[in-house]
Amino acid sequence: MNIVVIHGQTHKGNTYKATQMPLEKLCFNSEDIKEFHTTNFPQCCGCTQCILKSEELCPHYERMNTITSALDQADLIIINSPNYCMNMTGQLKSFCDHMGYRWMSHRPFDMRNKVGVAISTTAGTGASKTTKQIKEQMIWWSVGRVYQIPVTVAAFSIDEVKKEKFEKIDAKVARIAKKINKSIKKPKPCFKTKFYFKIMSMMHKGMAWNEVETQYWKEKGWI
């Protein structure tokens, strides 16, 4: 199982530690995992060249290609972010902006047989909102099935969580890890991914607003 982990922050705090919890319960070899930090990638400048013409015209293409190539080969994609102001980190959002041309509305790499996991932590509230935002990004990339692991720490550090609460969190993570191991063996896209993909294929067949994208969908045999 090839795993890609994308960290929305550099420090190894609560969210990093929460990400280790499902990893400890998944079936894979240590050499099968690749980790990236979004802070190591430049901010998207919004030039739209990737959408209108080619991703190779992105001024950051060479650096972004290292992570997109890894994503293409992955079976499981884990993206994490602490909850900052009821949202994902700015660095992770900029990474998602770089991935805009890969949305199903443009030129997606077919990820319908891949599994995704969105992880976020918070001291109070907002973790579920952040995981939902991350999940929505992956769905639009055409990832087949995405699980969410929001963790409310209710403490400054996850290491300070009371034993009873930590056991509940760990049990929840274990249930999701079991589902992930099962999904990886028999990948099957969820209804939302299949529905979006179908709608986008109809859109590209009927609208043809961008010949580059229309041709891409034709070459893939999707329209």
Side-chain angles (χ1 to χ4, degrees), residues 4 6 8 36 38 41-81 86-120 128-148 183 187-223:
V4 167
I6 300 176
F36 299 90
T38 53
F41 293 89
Q43 285 192 331
C44 172
C45 59
C47 66
T48 70
Q49 292 302 296
C50 60
I51 293 176
L52 298 177
K53 296 179 181 179
S54 169
E55 64 272 20
E56 294 184 9
L57 295 178
C58 170
H60 311 133
Y61 172 73
E62 293 299 330
R63 294 180 67 181
M64 292 302 301
N65 192 47
T66 59
I67 191 168
T68 53
S69 296
L71 288 171
D72 294 345
Q73 298 171 28
D75 301 302
L76 174 64
I77 301 170
I78 299 176
I79 302 179
N80 68 40
S81 172
M86 305 298 282
N87 210 318
M88 67 178 75
T89 62
Q91 294 91 336
L92 181 56
K93 178 58 171 65
S94 181
F95 167 77
C96 291
D97 292 342
H98 267 301
M99 294 287 288
Y101 75 94
R102 283 180 163 236
W103 272 38
M104 284 187 275
S105 51
H106 299 294
R107 300 191 307 281
F109 183 91
D110 193 354
M111 295 185 171
R112 286 175 288 180
N113 287 333
K114 299 182 186 297
V115 177
V117 183
I119 301 174
S120 181
S128 59
K129 183 176 181 180
T130 299
T131 58
K132 184 178 180 180
Q133 291 164 343
I134 296 172
K135 176 181 179 179
E136 197 68 17
Q137 292 289 331
M138 285 197 275
I139 289 291
W140 276 103
W141 298 349
S142 80
V143 175
R145 190 169 299 273
V146 184
Y147 298 96
Q148 298 181 72
S183 297
K188 184 178 180 182
C190 67
F191 171 80
K192 193 171 186 178
T193 298
K194 291 190 292 185
F195 178 74
Y196 279 11
F197 207 94
K198 180 64 176 179
I199 293 297
M200 292 302 108
S201 67
M202 294 170 61
M203 181 194 78
H204 284 288
K205 185 176 182 180
M207 293 176 63
W209 76 278
N210 183 341
E211 185 57 35
V212 173
E213 294 177 352
T214 301
Q215 187 60 33
Y216 178 86
W217 279 70
K218 286 181 179 179
E219 290 174 355
K220 291 293 184 180
W222 298 334
I223 59 174

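The figures that follow rest on heavy atoms only: side chains count, while hydrogens, waters and symmetry mates do not. Only a predicted model underlies this, so the values are computations on that prediction, with no experimental measurement involved.
Two residues are said to be in side-chain contact when any heavy atoms from C-beta on lie closer than 4.5 Å; V117 and I134 fail this criterion. Side-chain contact between M88 and C96 is present, with heavy atoms from C-beta onward closer than 4.5 Å. Residues T193 and R145 fail the side-chain proximity criterion, which asks for heavy atoms closer than 4.5 Å. Counting heavy atoms from C-beta outward, E55 and Q49 have side chains that stay 4.5 Å or more apart. In this structure, the side chains of I77 and K114 come closer than 4.5 Å at one or more pairs of heavy atoms. Taking 4.5 Å as the limit, some side-chain heavy atom of S183 sits within range of a side-chain heavy atom of Y147.
For the pair S94 and P42, the tightest heavy-atom approach, listed with the atom from each and the gap, is OG-O, 4.1 Å. What you find for Y196 and E136 is that their closest heavy atoms are OH-OE2, 3.5 Å. Among all heavy-atom pairs drawn from A118 and V146, the shortest one is N-CG1, 4.4 Å.
Checking side-chain atoms of N65 against main-chain N and O of I67 turns up no donor-acceptor pair under 3.5 Å. Looking at Y216, its side chain does come within 3.5 Å of a backbone N or O of P108 through a donor-acceptor pair. Judged by distance alone, with hydrogens and angles left aside, the side-chain atoms of T68 form a donor-acceptor pair with the main-chain N or O of M64 at under 3.5 Å. Between the side chain of T89 and the backbone N or O of L92, at least one donor-acceptor pair lies under 3.5 Å. Here the side chain of N113 pairs no donor or acceptor atom with the backbone of K188 at under 3.5 angstrom. No donor-acceptor pair closer than 3.5 Å links the side chain of S142 to the backbone N or O of M104. Side-chain N or O atoms of S81 include none that pairs as donor or acceptor with a backbone N or O of S120 at under 3.5 Å.
Legend: salt bridge (charged side-chain N to carboxylate O under 4.0 Å, His left out) pairs involving residues 193-217, not counting sequence neighbours: none detected.
Here CD1 of I79 is found 13.0 Å from OG1 of T130. Values are rounded to the nearest 0.5 Å. Here the straight-line distance linking atom OG of S128 with atom NZ of K135 works out to 12.0 Å at 0.5 Å rounding. Taking CG of L52 as the reference point, atom CG of N210 lies at 6.0 Å (rounded to 0.5 Å). The CE atom of M138 sits 10.5 Å away from atom CE of M99, with the distance rounded to the nearest 0.5 Å. With values rounded to the nearest 0.5 angstrom, I6 atom CD1 is found 10.5 Å from I78 atom CD1. With values rounded to the nearest 0.5 angstrom, K129 atom NZ is found 13.5 Å from Q148 atom CD.
Taking a 6.0 Å sphere around CD of Q43, one finds it holds 12 or fewer heavy atoms contributed by other residues, nucleotides or ligands. The environment of CE in M202 is sparse: at most 12 heavy-atom neighbours from other residues, nucleotides or ligands sit within 6.0 Å.
The ring-ring contact (aromatic ring centres under 6.0 Å, His included) with F197 is formed by just one residue from the set F191, W103, W222, W140; it is W222. Tested against V4 for a side-chain contact (heavy atoms from CB on, under 4.5 Å), the candidates L71, D75, L76, D72 yield a single pass: L71.
Applying the ring pair (Phe, Tyr, Trp, His ring centres under 6.0 Å) criterion to F109, with sequence neighbours excluded, gives no partner residue.
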Query raised in the report: Please walk me through it: do I223 and T214 pass side chain to side chain contact (heavy atoms under 4.5 Å, CB included)?
Result: CA-CA 8 Å; I223 59 174; T214 301; 4.2 Å; yes
Report task. Could you walk me through whether H98 and C58 pass side chain to side chain contact (heavy atoms under 4.5 Å, CB included), step by step? Result -> CA-CA 9 Å; H98 267 301; C58 170; 3.8 Å; yes
Query raised in the report: Yes or no on side chain to side chain contact (heavy atoms under 4.5 Å, CB included) for V143 and V115, after CA distance, side-chain angles and deciding distance?
Result: CA-CA 6 Å; V143 175; V115 177; 5.8 Å; no
Query raised in the report: For T66 and F41, what are the C-alpha separation, side-chain angles and deciding distance, and is it a side chain to side chain contact (heavy atoms under 4.5 Å, CB included)?
Result: CA-CA 10 Å; T66 59; F41 293 89; 3.8 Å; yes
